[in-house]
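Numbered from 1 within each chain, the chains take letters A, B, ... in sequence-line order. Keep in mind that what you see is a predicted model, and the values were worked out from it rather than measured.
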Amino acid sequence: MIDFKIKVAELIFESVKDMTIEEISSSLEAPQNPKMGDCAFPCFKLSKLMKKAPQVIAGEIKQLIDGNRGEFIDKIEAAGGYLNFFFNKSSAAESVLNAILSEKENYGRSKAGGGKCIVIDYSSPNIAKPFHVGHLYTTFIGAALYNMYEFLGYKPFGINYLGDWGTQFGKMLYAYKHWSSEELVDKDGLAELTRVYVKYSAEAETNPALDNEARLWLVKMQDGDEEALRLWKTFRDLSLEEYNKCYKRLGISFDSYNGESFYNDKMAAVVEELHAKNLLVEDNGAKIVRLDEYKMPPCLILRSDGGTLYPTRDIASAIYRYKNYNFSKALYITDARQSLHFAQWFKVAGLMGYPFESDLVHIPYGYLMLEDGAMSTRKGNYVTADTVFNEAAARVKAVINEKNPELEHKDEVAEQVGIGAVKFVILYNSRIKDVVFSLDKILSFDGETGPYVQYTHARASGVLEKAGRDDFANPDYSLLSDDDSLSIVKLLSQFTEKVEEAVQKYEPYVVTRYVTELAQAYNKFYHNNKILQAEPGLRKARLALTYGVKTVTASALALLGISAPDRM
RNA sequence: GUACCUGUAGCUCAGCCGGAUAGAGCAACGGCCUUCUAAGCCGUGGGUCAGGGGUUCGAAUCCCUUCAGGUACGCCA
């Protein structure tokens, strides 16, 4: 397809030698008011270089390039220091829709990534604890970025860095031994483990001796005690089994489940290396790396009892991943409270001489609270992910029964729309905002929501289905010259650049908002124009446009991990 | 105390590598289903872009500062 932006940039470049073609291209913008044009070049920066008023420059450029603007631009106007380009509606529609008609669901894909590996560390729940709404942000953002990188020609590698080792397991083992049993765990699974963990936390408040007992269990694990390891493995297997049910429901899978325990035997080498490179300093019995020079508190590597810490393990894992996956970037998707931790150990990796320091990226997201306060597994104040999805599906089913009682496969559609609604809300705003989790807010289905976009897709599908197959090949694109059609065509042409922007910002919402805009544009078009009842030529052109909307909507939703049912 | 994040319409948020009249959804109010799915479309009202300085031809956007809310700062992860 024609990239209009590049065409315009090339055209301007013919007469403006003070800027590179890339500079021109990146300064191009879309006027807020479409009546002012489809693409605008601001001349204010040139005004400094050329020492002339921007209005004058715009006029001069217009004079120079107007003659050979080609057939894809109808008109060039100089207005208020801007140079405004009006696309030829027919050739715009033709280039975009022809590309979609031939490339179908591959439309928009790019090879720009060149197969470079992007390691994405996401989801990463602590095993033996429930998978709750607090895990949804990292899980959905990670999965969406994974899809987008793949779409752009990278080779993403998803790692679920399970929290499967550490002091919490000492507590868990103590709690299990005292208050639970194999039968109870068989019966209730993670819920039972969580029950005794919550009990432990409550008891430990008043009885500090428990923590010593728990520590003994951890020591047993570290020393390879048979019973401790057997229980640990049982809990780990059980957790993975339950998580995988949930991941399957969400359509998410990982390339690796190497968790914290995987690095148990890889940390000693890191400590040794830090020591050899003279980075370790003893302080109050602990070993630290000083970071004063970088205006950060020191990074703790070894406890005073010789035990390792979170940063030690993360450095070991980064080195392992670099050696084994040769990543060009490694993304860590965690909540913003861990920002300092990541900044610290990234710096330590750099001080160790690892060149990949600059390729390590922490992608923080905001704090998620429940309506009745902070979420805490320890205190038993949490909402499991399944609870939310079940409720979502149930509410969607009620809407289906009301609006479309004849629908087939109601349960399946309710599941797709319900889960889509939850994903959509979470991927709709910038990550960093703190959120109060409210079922009622997440599960409203009007306006800028997942169901709205899915509904639009189902509408388009319905029209195409009624039209019959291939009824829209080789249409007369000049019939799509109205404003409603053109705004859709412009949006369709922006698909790839929106995905690129999302990846560049590590913000899936760019795509979420894009697909919402596309849905709004199509709904407006749909309302104002007959499609199936239009006269044959027009009908064909509008069906091609409808096909474009359906295809790109489904692709964009797929990038977000959201299904696009054909009926709902 | 130090550092980071946030502050835009009643609510939830876009816009922030400076550019044309600050946008959207929800909520409120008023219209549109004998016509391709009304989970839709159209309209009305609603703003000191937290406050104050500065840089600039031009600031919601960049810099400084104050305020408000949140978070993190040695043996948890």
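Proximity of Y452(A) to the phosphate of rC41(B): a side-chain N or O atom is located under 4.0 Å from OP1 or OP2. Dashed line: the shortest gap from a side-chain N or O of Y294(A) to OP1 or OP2 of rU2(B) is not under 4.0 Å. The phosphate of rC76(B) (OP1 or OP2) has no side-chain N or O of R378(A) nearer than 4.0 angstrom. Applying the 4.0 Å criterion to OP1 and OP2 of rG7(B), one finds that K433(A) has a side-chain N or O inside that range. Side-chain N/O atoms of Y455(A) include one lying less than 4.0 angstrom from OP1 or OP2 on rA39(B). At the phosphate of rC11(B), neither OP1 nor OP2 sits under 4.0 Å from any side-chain N or O atom of K441(A). For the OP1/OP2 pair of rC41(B) and a distance below 4.0 Å, the side-chain nitrogens and oxygens of K524(A) include no atom meeting the criterion. An OP1 or OP2 oxygen of rA77(B) is reached within less than 4.0 angstrom by no side-chain nitrogen or oxygen of K171(A).
Rounded to an integer number of Å, the gap from CG of L545(A) to P of rC36(B) is 19 Å. The interatomic distance linking I488(A) (CD1) with rC41(B) (C1') rounds to 14 Å, in whole Å. At whole-Å resolution of the value, NE2 in H341(A) and P in rG74(B) are 14 Å apart. The distance from atom CG of L532(A) to atom P of rC36(B) is 10 Å, rounded to the nearest whole Å.
Taking atom C1' in both rA9(B) and rA50(B), the straight-line distance is 15 Å, to the nearest Å. Separation of the C1' atoms belonging to rU48(B) and rU44(B) is 24 Å when rounded to the nearest angstrom. Comparing rA22(B) with rU61(B), their P atoms are spaced 14 Å from each other, to the whole Å.
In terms of polar N and O atoms assigned as donor or acceptor, the side chain of N84(A) comes within less than 3.5 Å of the base of rA20(B) in a complementary pairing. Under 3.5 Å, the side chain of K295(A) and the base of rU2(B) form no donor-acceptor pair of N or O atoms.
The shortest distance between side-chain heavy atoms of Y122(A) and L331(A) does not fall below 4.5 Å.
Open room surrounds CD on E406(A); 12 or fewer heavy atoms of other groups in view lie less than 6.0 Å from it.
rC11(B) adopts an anti glycosidic conformation, its chi angle falling more than 90° from 0. rG23(B) adopts an anti glycosidic conformation, its chi angle falling more than 90° from 0.
Summary of the strand contacts: V399(A) and R313(A) both lie near RNA chain B, and taking for each the nucleotide with the nearest heavy atom, the more 5' one is attributed to V399(A). Along RNA chain B, the nucleotide nearest to A336(A) and the one nearest to D446(A) differ in position, and the one closer to the 5' end is contacted by D446(A).
Using a 4.0 Å heavy-atom criterion, one finds that T167(A) contacts the sugar-phosphate atoms exclusively.
A cation-pi contact, defined as under 6.0 Å to the ring centre and within 45° of the axis, is absent between R313(A) and Y161(A). K171(A) forms no cation-pi arrangement with Y200(A), by the criterion of a distance under 6.0 Å to the ring centre and an angle within 45° of the ring axis.
Between the side chains of N523(A) and Y455(A), not a single donor N or O lies within less than 3.5 Å of an accepting N or O.
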